[in-house]
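Below you'll find the structure, written out as structure tokens, and then a few comments.
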Amino acid sequence: MNMQQLLQIVQPVLGYPLDPKEQIPVISQANGPLWVVAGPGSGKTEALVVRTLKLIFVDRVSPKSIMITTFTEKAAKNLFDRILNYASHIFQNDPALQQAIDIHSLRIGTLHSLCNDIMLEYRHPGYENYRLLDDLEQYLFVYEHSDLVQDNSTNYLPLWQRFDYLVSHWDYITDSAGWGDRTRPPNRWRRAKAAVSIFNRIVEDMIDLNQMRNQGGVWQLLSDAYEDYMCNLEDHGRCDFAHLQSKFLEFLNSLLGDLFLSGDGSERHPGITYVMVDEYQDTNPIQEAIYLKLTESHHNLCVVGDDDQALYRFRGGTVDCMVTFDRACARRWGISPNQVTKKFLSANYRSHPDIVRYCDDYIKSFPVMGLSGARVAGKPVLVSKGGISGNYPAVGYVTGKTIEETADNFARLVRDLLDNIIQLPSQCALLMRSVRESPRYAGPFAEALRRVAIQPYNPRSRTFLKQEEIMTALGAFVSVIDPNLAANPTSAALSSIKGPGIQRMVEGWVREYQRITATNQALSNYVSQSLAYIASQAPNSWLGVNILEILYRILAHEPFSTWENDPERSYRLGKLTKIFETYASVPYPGSPGSTRGNLRTSNVSQGEVSFGWRQDFYYSLVGLLVSEGMSDPEEEEIICPEDRLPIMTVHQAKGLQFPFVFVYGLNQRPSQESSVSLEDDLSQFRQNPSLLAFSQQQRTEQDLIRFYYVAYARAQYVLVHLAPQAHLKGGFGFAGRDVHRFQQSVPTV
DNA sequence: CTGGGTGCAGTTTTT
DNA sequence: CTGCACCCAG
């Protein structure tokens with residue numbers, strides 16, 4: 001098959017021709033480093049898909065020799081589905097190919113999943129019999145095993161003073177008063193959370209530990225604490241997401257890794273000959289090192305991304321990798337930066353020309369984005385090439401005296417749209433910083449929509465822990481492990497719970513449980529029996545029950561058996577079970593073989609579950625649930641039911657598009673992010689220092705500007721700012737640009 | 001329309 | 001503790 005024949009099959013499925021100046025060159029250039037700088041809605045993923053097809057069907061590269069990574073599981077699945085869809089058309093056209101080519105052997109996924117799969121496939125000795133920790137498990141593991149968390153003394157005080165920015169925000173929210181000048185360490189779960197951020201960052205930014213230790217003081221304390229954590233992981237056979245990547249890099253540098261990379265001519269080990277990376281703007285330094293190592297011998301590395309849409313610094317992503325890709329290749333491979341082919345995808349097929357222009361003007365209007373290194377050099381203006389046109393105001397705002405009034409005007413505008421122009425609420429989207437339904441965030445907007453009979457869809461509103469079935473299950477559980485609480489919920493303070501937030505939460509669960517059991521004796525009987533059983537056991541002995549079993553038994557009673565018939569409730573209870581499973585899997589320090597799932601009786605108060613176990617449960621697990629909130633589980637396939645109006649965070653909306661986009665929260669000022677500070681603090685110890693040198697304030701501003709840019713670029717037909725009077729004055733999202741003011745009804749589209 | 005005073009509520013995201 | 005949203009005086 002040649003390129004012409006491939007395009008003849010692909011283009012009818014795609015529905016529009018691939019751009020001969022922009023997309024085709026990206027598809028056809030196979031060899032050497034390729035740096036694709038793509039604007040929003042420019043068909044970058046499509047270019048990557050067709051490039052893959054071209055390598056497989058035209059160049060006849062073995063699919064097993066091609067690696068394609070993206071940022072999320074969802075995006076990876078989407079990418080593979082598209083490839084499969086095209087492949088099926090190609091196979092229909094030439095059935096013989098189906099026998100010859102195993103498309104499923106493509107190495108496609110998130111970098112993390114590929115690291116895991118490949119090391120298992122090759123039985124890398126450094127990655128055998130490890131349990132991979134997800135974020136909750138990592139947090140719980142650190143909580144139990146890190147000296148930084150376990151040591152309550154003032155030993156680590158200087159370190160906590162140094163990293164105050166990682167914990168102080170939470171102090172103010174969950175304590176009635178903060179520690180002020182920090183004369184005591186923060187509480188345990190805050191220490192655990194901060195420790196996780198620091199440990200992950202040390203690995204992902206490839207910090208030189210010796211260099212850090214030699215700095216002395218808090219840096220030495222930190223190096224020791226990190227090494228202690230790493231040893232604990234090894235001792236217990238655990239691996240976190242960050243170390244998954246460092247282990248993979250080790251693997252690549254081993255003999256086995258060489259077999260994987262170079263192959264041996266067999267079908268089983270064809271070697272890796274092409275690597276493609278989507279969403280490269282969110283890559284971190286260790287991932288950059290992995291990609292450059294993977295392609296060290298042939299340089300066939302193609303990265304695709306939009307430096308203006310970097311959103312994941314909190315996760316270690318640094319846009320520097322995208323902006324300085326040519327120099328990074330040069331530094332690592334010893335080539336010249338201009339041997340890296342740079343291609344721009346600047347056509348926008350998504351939005352009305354006015355929206356395209358608005359986005360372009362927006363990002364360029366900030367001096368901080370014009371500084372050298374803020375964006376990829378030479379980035380051209382976005383050019384609108386979509387089919388959407390028409391002479392109507394495509395960008396504007398809705399205002400009101402207060403948030404409530406603004407929300408009302410917004411709801412009326414949507415009502416009017418539905419009555420006259422659009423068919424479904426899901427053709428709109430409301431994007432905001434936080435989707436919690438509180439008075440400052442999504443609350444007024446959700447209510448205003450309901451008043452005009454439009455149902456919002458807001459699965460991430462963090463109401464999981466407030467759901468009847470979850471509260472009842474947890475209420476029953478804590479009643480079993482904490483008899484004081486069962487007898488009198490307000491005695492929470494006496495039951496080893498000190499944090500007021502945790503106290504309130506637990507008290508609410510028990511009350512809900514008691515309300516439900518007023519008419520469901522079977523469940524309360526089970527709880528009484530369990531309490532009696534525990535009371536009959538000798539002090540300081542292991543109970544023969546796992547907390548997961550207790551939860552299962554609770555769920556076997558009414559009203560849960562009835563609730564399980566409701567898919568939404570059943571789904572949520574499944575998530576609760578998963579959380580318990582995770583907690584139960586955390587190894588118990590000091591008692592080999594046992595885990596947090598095993599209960600022990602107290603050696604002090606006869607007939608109770610150990611005080612220490614309870615305290616750890618409340619502080620580590622409940623503390624985290626309370627502080628983070630929990631969201632409902634989401635169906636993977638569903639973006640939004642079509643008869644609802646989605647309320648989303650900008651991160652959620654990334655990669656999606658909607659005909660009508662409403663954005664709230666334009667008054668936001670850049671406020672110092674802890675991830676920016678941490679990045680800066682550790683930068684002096686990096687093995688591959690960043691090639692850029694923006695100040696913390698500059699990076700913070702750039703991040704905020706990019707954040708809004710991503711939101712605005714979601715809109716296809718109309719982009720509407722939701723701005724109460726006070727917001728119109730300034731802020732980074734709007735800055736008084738001259739746009740149309742939408743009243744309660746829209747002009748004809 | 002501006003600005004100071006008061007009162008209240010309290011991020012987000014992923015492997 | 002901050003920072004905002006809102007109110008009211010000027």
Side-chain angles (χ1 to χ4, degrees), chain A residues 69-76 109-117 132-139 164 167-182 196-197 200 203-204 239-246 248 279 282-284 286-287 290 309-317 400-407 431-444 460-462 500-501 626-629 631 634 648-655 665-675 703-704 706-708 710-711 723-731:
Chain A
T69 70
T70 66
F71 192 67
T72 64
E73 293 290 356
K74 214 175 185 171
T110 61
L111 182 59
H112 292 85
S113 70
L114 290 178
C115 289
N116 179 61
D117 295 350
L132 188 56
L133 304 178
D134 66 21
D135 56 347
L136 178 60
E137 275 176 276
Q138 183 193 17
Y139 161 84
D164 193 48
V167 275
S168 54
H169 169 77
W170 295 102
D171 276 355
Y172 298 129
I173 290 176
T174 51
D175 285 3
S176 46
W179 293 114
D181 54 357
R182 192 162 295 293
V196 166
S197 312
N200 286 344
V203 181
E204 296 192 323
C239 179
D240 59 35
F241 285 129
H243 282 99
L244 176 60
Q245 299 168 97
S246 60
F248 188 66
E279 307 285 11
D282 290 316
T283 287
N284 62 38
I286 197 167
Q287 292 172 344
I290 288 173
Q309 294 190 70
L311 280 182
Y312 286 91
R313 197 185 298 278
F314 69 91
R315 221 208 87 176
K401 244 184 121 190
T402 62
I403 296 180
E404 279 78 13
E405 205 181 290
T406 310
L431 308 185
M432 50 205 315
R433 188 170 51 152
S434 165
V435 294
R436 290 188 181 200
E437 294 196 11
S438 62
R440 290 264 274 278
Y441 298 106
R460 295 206 188 168
S461 59
R462 314 221 164 209
V626 169
S627 69
E628 302 275 274
S631 288
E634 282 167 63
M648 297 183 155
T649 63
V650 174
H651 291 265
Q652 249 174 301
K654 192 185 180 192
L666 309 163
N667 57 326
Q668 210 181 327
R669 315 274 335 154
S671 66
Q672 192 70 63
E673 293 273 336
S674 57
S675 47
D703 282 357
L704 187 60
R706 294 183 186 117
F707 179 83
Y708 282 121
V710 173
Q725 288 295 312
H727 291 201
L728 293 173
K729 283 183 205 160

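Chain naming here is simple, since letters A, B, ... match the order of the sequence lines and numbering starts at 1 in each.
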Quiz item: Which value, rounded to the nearest 0.5 Å, describes the distance between A/K74 atom NZ and A/K654 atom NZ?
Solution: 13.5 Å
Exercise. Answer with base, sugar-phosphate or nothing: what part of the nucleic acid does A/E405 contact at a heavy-atom distance below 4.0 Å?
Key: nothing
Quiz item: Taking atom C1' of B/dT13 as reference, at what distance in whole Å does atom CG of A/N284 sit?
Solution: 15 Å
Self-check item: Proximity to the side chain of A/Y441 - top-ranked nucleotide from B/dT13, B/dT15, B/dT11
Solution: B/dT11
Quiz prompt | Rounded distance (nearest 0.5 Å) linking atom CD of A/E405 with atom OG1 of A/T402 | solution = 5.0 Å
Quiz prompt | Contact under 4.0 Å: A/T110 side-chain N or O vs B/dT15 OP1/OP2 | solution = no
Quiz item: For A/H651 and B/dT13, what is the distance between atoms NE2 and P respectively, to the nearest whole Å?
Solution: 7 Å
Quiz item: A/Y312 near the nucleic acid: base, sugar-phosphate alone, or nothing, with a heavy-atom cut-off under 4.0 Å?
Solution: sugar-phosphate
Practice problem: For A/P724 and for A/S671, locate the closest nucleotide of DNA chain C by heavy-atom distance; then report the residue assigned to the nucleotide nearer the 5' terminus. | Solution: A/S671
Quiz item: Rounded to the nearest Å, what distance is computed from the NE2 atom of residue A/H112 to the P atom of nucleotide B/dT14?
Solution: 13 Å
Quiz item: Counting any heavy atom closer than 4.0 Å, what does A/I403 reach on the DNA or RNA strands: base, sugar-phosphate only, or nothing?
Solution: sugar-phosphate
Quiz item: B/dT13 and C/dT2: how far apart are their C1' atoms, nearest whole angstrom?
Solution: 23 Å
Quiz item: Quick one, which residues of residues 433-440 of chain A touch DNA chain B with a heavy atom under 4.0 Å?
Solution: A/R433, A/S434, A/R436, A/S438, A/R440
Quiz item: Which value, rounded to the nearest 0.5 Å, describes the distance between A/H651 atom NE2 and A/R460 atom CZ?
Solution: 10.0 Å
Quiz item: If you measure from OG1 on A/T72 to CD on A/E279, what distance do you get to the nearest 0.5 Å?
Solution: 7.5 Å
Quiz item: Hey, does A/V203 have a side-chain heavy atom less than 4.5 Å from the side chain of A/Q245?
Solution: no
Practice problem: Using whole Å, report how far CE of A/M432 lies from P of B/dT12. | Solution: 11 Å
Exercise. Counting heavy atoms from C-beta on, name the nucleotide in B/dT14, B/dT12, B/dG10 closest to the side chain of A/R315.
Key: B/dT14
Practice problem: Please report, rounded to the nearest Å, how far the C1' atom of B/dT12 is from the CD atom of A/E673. | Solution: 8 Å
Quiz item: If you measure from CG on A/L132 to CG on A/N116, what distance do you get to the nearest 0.5 Å?
Solution: 5.5 Å
Exercise. To the nearest 0.5 Å, tell me how far A/L311 CG sits from A/F707 CZ.
Key: 7.0 Å
Exercise. Could you check whether A/F707 gets within reach of a base, just the sugar-phosphate, or nothing at all, counting any heavy atom under 4.0 Å?
Key: nothing
Practice problem: Can you tell me the distance, in whole Å, between the CG atom of A/L311 and the C1' atom of B/dT15? | Solution: 16 Å
Self-check item: Ring geometry between A/F241 and A/H112 (parallel below 30°, tilted from 30 to 60°, perpendicular above 60°)
Solution: perpendicular
Practice problem: Can you tell me the distance, in whole Å, between the CG atom of A/D164 and the C1' atom of C/dT2? | Solution: 14 Å
Exercise. Quick one: label A/D135 by what it contacts on the DNA or RNA (base, sugar-phosphate, nothing), any heavy atom closer than 4.0 Å.
Key: base
Practice problem: Look at A/H727 and C/dC4 and indicate whether a side-chain polar atom (N or O) is within less than 4.0 Å of OP1 or OP2. | Solution: no
Quiz prompt | C/dC1 and B/dT12, which share atom name P, separated by this distance in whole Å | solution = 23 Å
Practice problem: Name the nucleic acid region contacted by A/R460, choosing base, sugar-phosphate or nothing; use a 4.0 angstrom heavy-atom cut-off, strictly under. | Solution: sugar-phosphate
Self-check item: Nearest-Å distance for atom pair NZ/P, residues A/K401 and B/dT2
Solution: 15 Å
